[in-house]
Structures are given as structure tokens and as C-alpha cells.
Undergrad: 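Dropping a structure here in C-alpha cells format, bear with me for questions.
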Amino acid sequence: MLSVEWESRQLLEGVNLSELLKCRLSGVYIIWYQAIQVKVVRVGQGIIVDRLSVHRHTQEIMSYKEFGELFVTWTIVEPKLQNGIENYLGYTLKPLVAERFPDVVPIPVNLPLYLKHLSQ
């Protein structure tokens with residue numbers, strides 16, 4: 001299992017995109033809502049600021065706010081690892097909004113502490 005360092009969870013709408021824009025960091029991210037149960041809404045990869053900018057304006061994702069606040073976390077990883085990590089997260093966390101996951105060998109990673117219970 002690849003050990004990665006996840007950013008502290010943040011409200012999706014509270015992420016300072018202008019700060020992220022300066023860095024243009026690339027990695028893998030998880031969006032979820034927390035109510036009575038935690039449900040993962042979306043996992044993905046790419047330039048974090050670009051992807052979050054799109055998702056904050058995507059009705060399919062933002063509609064889940066009615067169930068609880070939307071949170072996001074991400075980890076910065078090399079582009080060559082992103083497909084495998086996204087595959088692992090997609091099949092492990094079963095996001096509510098999912099197109100398809102990369103058809104590659106999954107690369108298992110540690111989950112953020114606040115989502116660890118979803119892998120059991």
C-alpha cells in the first residue's frame with residue numbers, strides 16, 4: 001500500500017482557489033458529504049484547482065449539499081500514479097457520481113482518517 005499525505009478536509013465551497021491556482025498542484029481528490037452517514041460523492045484526478053473549479057459549478061455534485069456539507073481532500077501524487085490511485089479509490093469508496101474509472105492496475109493507498117471506515 002502506498003502511503004500518501006491527505007490535505008486537511010475543507011468545505012468544497014470554502015477552498016481558496018486563488019491560492020491553489022498559484023501552485024497548479026496535480027493529484028487525486030475525494031469529495032463527500034457528512035450527515036448521519038458519510039457518502040463519497042466523487043473521486044477524481046488532475047490539476048486540483050481546475051477540477052474543484054468545475055465541480056463547484058456542477059449541479060450533479062452540488063445537489064448533494066441538501067444531505068450535508070460537501071467536503072474535499074486531496075493528495076499530491078505523480079501523474080503516472082494517478083490513474084491507479086483513482087481506480088483504487090473509485091472501487092473502494094463507490095462514489096455516487098462516477099463515470100468510469102481508469103482501466104489500469106489499482107494502486108492501494110491509505111484513506112484519510114475521516115473516511116477510513118468506508119473501506120471495511
Side-chain angles (χ1 to χ4, degrees):
M1 178 175 290
L2 179 64
S3 180
V4 298
E5 188 173 324
W6 293 95
E7 283 293 318
S8 297
R9 76 177 184 178
Q10 298 180 38
L11 289 172
L12 178 58
E13 292 182 299
V15 174
N16 186 337
L17 295 179
S18 52
E19 280 299 311
L20 282 177
L21 191 59
K22 295 175 187 174
C23 306
R24 307 277 307 159
L25 300 172
S26 182
V28 178
Y29 60 90
I30 305 168
I31 298 172
W32 74 95
Y33 71 80
Q34 196 160 345
I36 295 171
Q37 289 186 321
V38 173
K39 294 282 188 181
V40 172
V41 175
R42 173 93 170 156
V43 299
Q45 63 171 300
I47 304 294
I48 301 299
V49 67
D50 294 347
R51 303 307 306 141
L52 296 185
S53 294
V54 168
H55 293 324
R56 286 190 355 184
H57 295 95
T58 303
Q59 181 60 29
E60 186 177 21
I61 290 171
M62 296 309 291
S63 66
Y64 286 97
K65 274 180 51 175
E66 73 177 84
F67 302 108
E69 293 284 1
L70 290 174
F71 292 94
V72 65
T73 187
W74 60 87
T75 185
I76 305 309
V77 292
E78 297 176 57
K80 68 181 182 182
L81 301 175
Q82 291 175 14
N83 282 336
I85 294 171
E86 182 183 3
N87 176 296
Y88 173 77
L89 292 174
Y91 287 106
T92 300
L93 299 176
K94 299 171 182 51
L96 299 168
V97 176
E99 293 150 13
R100 58 188 163 84
F101 304 113
D103 187 19
V104 297
V105 175
I107 299 175
V109 295
N110 57 297
L111 295 176
L113 290 176
Y114 28 85
L115 297 177
K116 195 168 243 175
H117 67 284
L118 296 177
S119 68
Q120 298 170 13

Undergrad: Would you confirm whether Trp32, through its side chain, and Thr73, through its main-chain N or O, come within 3.5 Å as a donor-acceptor pair?
TA: no
Undergrad: Out of curiosity, does Leu11 fall in the hydrophobic cluster containing Leu113 (side-chain heavy atoms, cut-off under 4.5 Å, transitive links)?
TA: no
Undergrad: So how far is it from Gln10 CD to Trp74 CH2, rounded to the nearest 0.5 Å?
TA: 4.0 Å
Undergrad: Using the six-membered ring wherever Trp is involved, compare the ring planes of Tyr91 and Phe101 and label them parallel, tilted or perpendicular (cut-offs 30° and 60°).
TA: perpendicular
Undergrad: Starting at CD1 of Ile30, measure out to CG of Leu89 and round the result to the nearest 0.5 Å.
TA: 5.0 Å
Undergrad: State yes or no: do Leu25 and Val72 share one hydrophobic cluster built from I, L, V, M, F, W and Y residues joined by side-chain heavy-atom distances below 4.5 Å, directly or via other members?
TA: yes
Undergrad: For the side chain of Asn87 and the backbone of Ile107, is there at least one donor-acceptor N/O pair under 3.5 Å apart?
TA: no
Undergrad: Can you name the closest pair of heavy atoms from Gln45 and Asn83 and give their distance?
TA: NE2-OD1, 2.7 Å
Undergrad: Working to the nearest 0.5 angstrom, can you tell me the gap between Leu96 CG and Phe67 CZ?
TA: 8.5 Å
Undergrad: Provide the closest heavy-atom pair for Gln82 versus Ser26 in the form atom of the first, atom of the second, distance.
TA: NE2-OG, 2.8 Å
Undergrad: Before you tell me yes or no, could you show the steps for Tyr64 and Arg42 under side chain to side chain contact (heavy atoms under 4.5 Å, CB included), namely the whole-Å CA-CA distance, both residues' side-chain angles and the distance that decides it to 0.1 Å?
TA: CA-CA 11 Å; Tyr64 286 97; Arg42 173 93 170 156; over 6 Å; no
Undergrad: Grab the two heavy atoms, one from Asn110 and one from Met1, that are nearest each other, plus how far apart they are.
TA: N-SD, 3.6 Å
Undergrad: For Ile36, is the CD1 atom crowded, meaning more than 12 foreign heavy atoms sit under 6.0 Å from it?
TA: no
Undergrad: Check for a donor-acceptor pair, side chain of Glu13 on one end and backbone N or O of Arg56 on the other, with a separation under 3.5 Å.
TA: no
Undergrad: Distance from Ile76 atom CD1 to Tyr29 atom OH, nearest 0.5 Å?
TA: 12.5 Å
Undergrad: I'd like to know if the side chain of Thr75 and the backbone of Val28 have a donor-acceptor N/O pair within less than 3.5 Å.
TA: no
Undergrad: Start with the C-alpha gap between Tyr114 and Phe71, add the side-chain angles, then the distance that decides, and say whether side chain to side chain contact (heavy atoms under 4.5 Å, CB included) holds.
TA: CA-CA 11 Å; Tyr114 28 85; Phe71 292 94; over 6 Å; no
Undergrad: Between atom CD1 of Ile61 and atom CG of Leu52, what is the distance when rounded to the nearest 0.5 Å?
TA: 9.5 Å
Undergrad: First locate atom CG of Leu111, then atom OH of Tyr88, and finally report the distance between them rounded to the nearest 0.5 Å.
TA: 5.5 Å
Undergrad: Please name the pair of heavy atoms, one in Val43 and one in Glu86, separated by the smallest distance, quoted to 0.1 Å.
TA: O-OE2, 3.8 Å
Undergrad: Gln34 pairs by side chain to side chain donor-acceptor pair (under 3.5 Å) with which of Glu69, Arg9, Lys39?
TA: Arg9
Undergrad: Testing the basics here: between Met62 and Leu12, what is the closest heavy-atom pair and its distance to 0.1 Å?
TA: SD-CD2, 3.8 Å
Undergrad: Is there a path of hydrophobic side-chain contacts, each under 4.5 Å between heavy atoms of I, L, V, M, F, W or Y residues, that connects Leu2 with Leu115?
TA: yes
